[in-house]
Amino acid sequence: HSRLRQTPAERRAESHPLTWRLREDGRRVTLDDYLAGDGYAAVREVLGEGTPETVIATMKAANVRGRGGAGFSAGTKWSLTLTGDDLPRGYLVCNADEMEPGTFKDRVLMEQLPHLLIEGMILGGFANRSRQGYIFLRGEYREAARALARALEEARDADWLGPDIAGSGFDFDIALHTGAGRYICGEETALISSLEGHRANPRAKPPFPGQSGAWGKPTVVNNVETLCNVPGVMRHGADWYQALSGSLSEDGGTKLYGVSGRVARPGLWELPMGTPAGELLERAGGLSDGRRLKAWLPGGASTGFLLPEHLSLALDFDTIGDAGSRLGTGLLTVVPDDQPMVPLLRNLEAFFARESCGWCTPCRDGLPWTVRLLAALERGEGEPGDVTLLEDLARDLGPGRTFCAHAPGAAMPLASALAHFRDEFTAGIAPSRTPRAVGEEG
Ligand code: L3W
């Protein structure tokens with residue numbers, strides 16, 4: 001699954017800024033190879049001639065949107081740290097806690113091209129007037145941990161990290177912090193709590209981490225892929241970045257898209273932002289063994305199901321948002337026509353229930369409740385009213401009722417599956433059952 005399907009011949013520096021340096025054999029690109037391919041040129045230029053203000057202005061002009069799933073403007077996020085006199089301002093944190101189901105894009109970047117991330121973090125640290133960066137890495141990503149640790153060592157030895165980087169007077173270093181493999185640690189405020197050594201409970205926003213984050217200091221949290229976009233933007237400018245997506249999308253750049261599920265060639269592709277979903281599915285060889293497409297998730301489990309008729313849509317944040325779902329991480333999961341929805345949803349909601357931190361009541365109690373109802377429907381032992389109850393739960397778990405996006409994320413596939421495939425849920429109601437009494441559950 002976790003492989004880039006484009007060959008080196010298909011990847012060019014001008015059109016594949018994230019992946020053109022990747023080796024055919026999948027081994028890590030060393031510092032020497034990275035330097036031979038224009039590596040750290042953006043750091044040298046920006047630290048020599050730029051200021052935090054110019055870097056942030058370029059990020060805003062390029063319209064780099066966060067690749068962790070929410071699509072928030074990275075330049076706007078960075079501009080939060082421009083105000084205030086205390087120096088250094090705080091921390092730059094790379095969110096490398098990649099655990100969204102079906103998502104494996106950051107892993108490929110970290111295992112094979114860790115210097116691109118380090119370069120992006122140096123630029124982000126400079127823009128946010130930070131001296132210390134952290135990579136918060138998913139605990140199970142052991143290969144990525146090895147590749148990053150080795151690359152950090154190489155960068156330090158060559159003075160790309162540490163005091164007075166490239167003779168610029170800017171000091172910056174990066175610490176690698178591995179998590180304990182909990183999905184909630186990828187939520188930025190829970191991640192900060194975990195980094196500080198506390199339980200990974202999310203905090204209410206505002207204040208946004210950019211205002212007050214780790215140890216009370218301004219803290220910018222960016223996804224791996226977002227940070228990997230920065231060196232290209234700084235080297236070639238906002239117009240170049242916008243041109244990468246051409247007329248396909250208002251958002252600039254390329255995107256690491258992926259496909260998993262019952263397709264002939266699951267994997268990863270770097271394509272212009274706004275590539276139509278159908279084109280991506282074609283690259284993945286279509287559904288395997290003559291199956292037909294029933295539904296698809298655009299970017300991880302915390303997005304809403306779309307249908308075959310939506311395959312013509314551009315895979316960008318606004319287009320997928322307008323269709324009632326979310327681009328999320330941009331790695332599609334396809335559902336074939338022979339896959340029943342109720343067990344699929346039971347499995348997804350069991351994941352979300354297990355990964356809830358338990359801090360907010362709707363999430364702690366509501367998610368296991370959905371799992372019990374779905375399991376009863378799956379066994380054909382549902383009761384009249386269960387489907388309506390699931391619809392109520394999907395609404396009650398939605399935005400605005402919890403500290404973080406975990407429960408609203410879990411509600412999205414549920415609400416959309418109920419909307420598109422309600423009959424499959426009602427089919428699980430046992431004919432002879434009477435409605436269950438209040439307080440009684442499946
Ligand atoms: C300054 C404002 N900053 C928002 C910042 C905020 C955060 C970012 C997005 O993630 C996504 C969801 C799933 N001034 C700001 C501001 N910010 N308003 O912008 O914030 P938000 O609240 O829209 O979303 P979020 O809670 O950060 C939700 C995805 O995350 N997801 C899981 C993804 C998992 C992975 C993975 O494993 N690699 O990515 C779960 O829900 O798609 O769209 O930084 O501070 N006014």
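Each ligand, and each atom within it, is numbered from 1 in the order the structure gives. No experiment lies behind these values; they were computed from the predicted model shown.
Every atom of ligand 1 with a heavy atom of Glu98 under 4.0 Å away is listed here by number and element: 36 (C), 37 (O), 38 (N). Of all atoms in ligand 1, numbered sequentially from 1 with element shown, those under 4.0 Å from a heavy atom of Tyr183 are 32 (C), 40 (C). Those atoms of ligand 1 that come under 4.0 Å of a heavy atom in Met99, given as number and element, are 36 (C), 37 (O). The distance from ligand 1 to the heavy atoms of Thr329 drops below 4.0 Å at these ligand atoms: 35 (C), 39 (O).
Scanning all protein heavy atoms for the shortest distance to atom 22 (O) of ligand 1 gives Lys205 NZ, 3.6 Å. Nearest non-hydrogen protein atom to atom 21 (P) of ligand 1 is Ala70 CB, 4.0 Å. Gly69 O, 3.0 Å is the protein heavy atom nearest to atom 43 (O) of ligand 1. Protein heavy atom at the shortest distance from atom 3 (N) of ligand 1 is Phe72 CE2, 3.4 Å. Annotation: atom 13 (C) of ligand 1 to nearest protein heavy atom, Arg326 NH2, 3.4 Å.
At a 3.5 angstrom cut-off on N or O pairs, Leu80 does not count as close to ligand 1. For Thr103, no nitrogen or oxygen atom sits less than 3.5 Å from a nitrogen or oxygen atom of ligand 1, counting backbone and side chain alike. The shortest N or O to N or O distance between Glu100 and ligand 1 is under 3.5 Å. Ligand 1 has no N or O atom lying under 3.5 Å from any N or O atom of Gly328, backbone or side chain. Between Phe208 and ligand 1, a contact under 3.5 Å exists for no N or O pair.
Heavy-atom separations between Gly68 and ligand 1 include at least one value shorter than 4.0 Å.
The shortest distance between side-chain heavy atoms of Asn222 and Asn95 does not fall below 4.5 Å.
Aromatic rings from Phe351 and Tyr183 are positioned such that their centres are separated by under 6.0 Å. In this structure, Tyr257 has its ring center at least 6.0 angstrom away from the ring center of Trp269.
A salt bridge links Arg203 and Glu196; the closest N-O separation between the charged side-chain nitrogens and carboxylate oxygens is under 4.0 Å. The pair Arg129-Asp86 does not count as a salt bridge, with every side-chain nitrogen at least 4.0 angstrom from each carboxylate oxygen.
Between Glu187 and Thr189, the side chains place a donor N or O and an acceptor N or O closer than 3.5 Å (distance only, hydrogens not considered). With hydrogens and angles left out, the side-chain atoms of Thr388 and Glu391 include no donor and acceptor closer than 3.5 Å. Side-chain contact, Asn63 with Tyr241: no donor N or O sits under 3.5 Å from an acceptor N or O.
Within the 3.5 Å criterion, the main-chain N or O of Pro209 finds no donor-acceptor partner in the side chain of Ser212.
Other residues, nucleotides and ligands place no more than 12 heavy atoms under 6.0 Å from the CZ atom of Arg262.
Contacts between Ser302 and ligand 1 below 4.0 angstrom, taking non-hydrogen atoms only, involve the side chain exclusively. For Glu188, every heavy-atom contact with ligand 1 shorter than 4.0 Å involves the side chain, none the backbone.
Lys255 forms no cation-pi arrangement with Phe317, by the criterion of a distance under 6.0 Å to the ring centre and an angle within 45° of the ring axis.
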